[in-house]
Amino acid sequence: MNIVRLTYASRLSRDCGPDALGKIMAVSRRNNKKLGVTGALCYSPRGFLQILEGPADTVNELYNRIVRDSRHSVVTLLEYGPIPYRDFENWSMAYVRADEIAHALLRKFSTRHVFDPFEMGPVQAHGFLIAVAQERSDFLAKQQNALRQRNG
Ligand SMILES: Cc1cc2nc3c(=O)[nH]c(=O)nc-3n(C[C@H](O)[C@H](O)[C@H](O)COP(=O)(O)O)c2cc1C
């Protein structure tokens, strides 16, 4: 079966309270691992940008569920199509908060210096999420190295 990539942007809704993100990420990581779905989610008060990768049927079904989630609205499909390989193969769902993203990255992928998912086209959104997930991996690897050195 085809592996597809689906990218969408959405706005936060009133139902997206302070505890929403933790819950969304916990459910996503649990479900996606079971489903063979990988990807990345960027959050900011201006909205969500998410990429889902996986078997076409599974991604379609999951997207239908996500669209109906009342914690966001204006869910807008940016890109959908078959891909030769996954870009987020090590992530059941990489999570990045936009306020933790270096300005240099935003300058690279956006005409704005604040993150707004609706200001990015699908090509920038794809490059941007790969770059932020890579930064996250590098950061986690450094943290692990530091811990290992501290523990001898
Ligand atoms: C912005 C956003 C992104 C989400 N991403 C995922 C996801 O990647 N995987 C997932 O299973 N649910 C995701 N959800 C949650 C789903 O909408 C839904 O609540 C969840 O899949 C229900 O899972 P359950 O039936 O196991 O409780 C997301 C919700 C929002 C608002």
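All ligand and atom numbering here is 1-based and tracks the order in the structure. Along the sequence shown, residues carry numbers from 1.
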Which residue and heavy atom of the protein sit nearest [atom], plus the separation:
{"atom": "atom 20 (C) of ligand 1", "result": "Val27 CG1, 3.6 Å"}
{"atom": "atom 30 (C) of ligand 1", "result": "Ile24 CD1, 3.8 Å"}
{"atom": "atom 5 (N) of ligand 1", "result": "Gln50 NE2, 3.2 Å"}
{"atom": "atom 6 (C) of ligand 1", "result": "Ser28 OG, 3.0 Å"}
{"atom": "atom 11 (O) of ligand 1", "result": "Asn31 ND2, 3.0 Å"}
{"atom": "atom 9 (N) of ligand 1", "result": "Asn32 OD1, 2.9 Å"}

Proximal candidate to atom 1 (C) of ligand 1 [heavy atom criterion; set Tyr8, Tyr95, Tyr43]: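 Minimum heavy-atom distance to atom 1 (C) of ligand 1 goes to Tyr8.
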Name the option, out of Met93, Arg65, Arg68, that contains the heavy atom nearest to atom 21 (O) of ligand 1.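 Result: the heavy atom closest to atom 21 (O) of ligand 1 is in Arg65.
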Distance check, rounded to the nearest 0.5 Å: [X] atom [atom1] versus [Y] atom [atom2]?
{"X": "Asn145", "Y": "Leu140", "atom1": "CG", "atom2": "CG", "value": "11.5 Å"}
{"X": "Ile51", "Y": "Leu129", "atom1": "CD1", "atom2": "CG", "value": "4.5 Å"}
{"X": "Thr7", "Y": "His126", "atom1": "OG1", "atom2": "NE2", "value": "7.0 Å"}
{"X": "Ser28", "Y": "Leu62", "atom1": "OG", "atom2": "CG", "value": "7.5 Å"}
{"X": "Phe48", "Y": "Ile66", "atom1": "CZ", "atom2": "CD1", "value": "10.5 Å"}
{"X": "Ser92", "Y": "Lys34", "atom1": "OG", "atom2": "NZ", "value": "12.0 Å"}

Does [X] come within less than 4.0 Å of ligand 1, judged by its heavy atoms?
{"X": "Leu35", "answer": "no"}
{"X": "Arg30", "answer": "yes"}
{"X": "Tyr63", "answer": "no"}

Between Glu53 and Thr38, a side-chain donor and acceptor under 3.5 Å: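 A donor-acceptor contact under 3.5 Å links the two side chains.
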Is there a polar contact between ligand 1 and [X], counting only N or O atoms under 3.5 Å apart?
{"X": "Arg71", "answer": "yes"}
{"X": "His72", "answer": "no"}
{"X": "Asp69", "answer": "yes"}

Would you confirm whether any non-hydrogen atom of the protein falls under 4.0 Å from atom 27 (O) of ligand 1?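 Protein heavy atoms within 4.0 Å of atom 27 (O) of ligand 1 - there are none.
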Counting only N and O atoms by type, is there a donor-acceptor contact under 3.5 Å from the side chain of Arg5 to the main-chain atoms of Gly81?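 Absent.
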Quick one: look at Leu62 and ligand 1, take heavy-atom pairs under 4.0 Å, and tell me if it's side chain, backbone, both or neither.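 For Leu62, only side-chain atoms sit under 4.0 Å from ligand 1.
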So Tyr8 and His72, would you call those rings parallel, tilted or perpendicular, with 30° and 60° as cut-offs?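 Perpendicular.
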Phe128 vs Phe109 aromatic rings, parallel, tilted or perpendicular, using cut-offs 30° and 60°?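 Perpendicular.
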Provide the number and element of each atom of ligand 1 under 4.0 Å from a heavy atom of Leu52.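 Listed by number with element: 8 (O).
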Any non-hydrogen side-chain atom of Gln124 less than 4.5 Å from a side-chain atom of Glu119?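 When only atoms from C-beta onward are counted, Glu119 and Gln124 do not touch, as no gap falls below 4.5 Å.
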